[in-house]
Q: 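Starting off with a structure, shown below.
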Amino acid sequence: VKRILIVEDHRFFSEALKMLLGRRLSEAHGERAKIRLAATVADGLEIADAEGPFDLAVVDLMLPDGDGTEVVRSIKTSYPRTLVAVLSSVLDLSGAIEAGADEALGKAIPMTEIVDRLAELASDEGRSRQA
Amino acid sequence: LKTRKTFDRAERSGEKPLVLFAIEPRSYAQAIGGVAAEIRPNLEVLILEPEDLVREAARREPAVVLCGEPRPEGLDVGIRWAEFRPYEDPDVVLVDGLVESFPGFGLDNLVGLVDRLVEEWERRSG
């Protein structure tokens, strides 16, 4: 079972991503997923600390209580093997990469491509390719 | 959530009820519409740019429209029109201009609302 953390404050988006990603992992990679949702930097840090390591963390940058790069940096420091993908409508994602993110995806990318890429990252073959 | 049996009429006629999503931002339309398409294979779901909505709604005769703008004048009043702005006010939907407020409204609830509107559209259209 793949363990995934999604840090995203907009609930419709995070719920939809959770459902689509879980289905894609199952259908395309034959793997099940347990996906946790966090809506703030504080929640993301708390869940990552309490329940980590995750196989994949998907992190938005603009969160109600701060900048998602804080979550990226914390996860990569505590759990270097956790793959972190930033998913944001922010145009310049270079700061997220500098903070240690393995992947940076703009929300303008078609949703099917986002879900495909995240499922690939979370899957066994994606993780071994990334290593 | 409703089951497939609510859509018997459309299935008998060989056509799926059409639902158009033109919510903004577009990433929301893709995410929410993508879920609706996956879990409701008995519906035809199209995700449109907001600027294309009026033309496509007039051309395709959808059952339901979900978008961020009120129904334009002159468009078929039989189309169930739901205004929804998840980024600004995620607990409120205006259905055919009437406010429906749903504290804690979530994705399951939204899909349930689409089911309800399709069902009502089917009853009205005979």
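No experiment lies behind these values; they were computed from the predicted model shown. Numbered from 1 within each chain, the chains take letters A, B, ... in sequence-line order.
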Q: Who wins among G33(B), G106(B), A36(B) for the most heavy-atom pairs under 4.5 Å with chain A?
A: G106(B)

Q: Side chain from CB out, backbone as N, CA, C, O: work out which of these in I109(A) comes under 4.5 Å of a heavy atom of chain B, or both, or neither.
A: backbone

Q: Go through V115(A), L20(A), I114(A) and name the one with the most non-hydrogen pairs under 4.5 angstrom from chain B.
A: L20(A)

Q: Are the side chain of R11(A) and the backbone of F105(B) linked by a donor-acceptor contact shorter than 3.5 Å?
A: yes

Q: Among A29(B), S27(B), G34(B), single out the residue with the greatest number of heavy-atom pairs under 4.5 Å to chain A.
A: S27(B)

Q: With hydrophobic residues grouped by side-chain heavy-atom distances under 4.5 Å, do L18(B) and V54(B) end up in a single group?
A: no

Q: Establish whether V92(B) and V111(B) are linked, either directly or via other cluster members, by ILVMFWY side-chain heavy-atom contacts under 4.5 Å.
A: no

Q: Does CD belonging to E27(A) count more than 12 external heavy atoms closer than 6.0 Å?
A: yes

Q: Any idea which heavy atoms bring F12(A) and P86(B) closest together, and the distance?
A: CD1-CB, 4.1 Å

Q: Looking only at heavy atoms, which two atoms of M19(A) and V35(B) are closest? And how far apart?
A: SD-CG1, 3.3 Å

Q: In terms of heavy-atom contacts, does OH of Y87(B) have more than 12 from other residues, nucleotides or ligands at under 6.0 Å?
A: no

Q: Show the nearest heavy-atom pair for residues R23(A) and I39(B), with the distance to one decimal.
A: NH2-CG2, 3.4 Å

Q: Does L48(B) share a hydrophobic cluster with M111(A), counting links as ILVMFWY side-chain heavy atoms below 4.5 Å and allowing steps through other members?
A: no

Q: Would a single hydrophobic cluster contain both V114(B) and L107(B), if residues Ile, Leu, Val, Met, Phe, Trp and Tyr are joined by side-chain heavy-atom contacts under 4.5 Å?
A: yes

Q: With rounding to the nearest 0.5 angstrom, report the CD to CZ distance, E38(B) to R24(A).
A: 5.5 Å

Q: If two hydrophobic side chains count as joined below 4.5 Å and joins carry through other members, does F54(A) share a cluster with L45(A)?
A: yes

Q: Kindly give the heavy-atom pair with the smallest separation between F13(A) and A31(B), and that separation in Å.
A: CD1-CB, 3.9 Å

Q: With only heavy atoms counted, which part of L110(B) is less than 4.5 Å from chain A, the side chain, the backbone, both or neither?
A: side chain

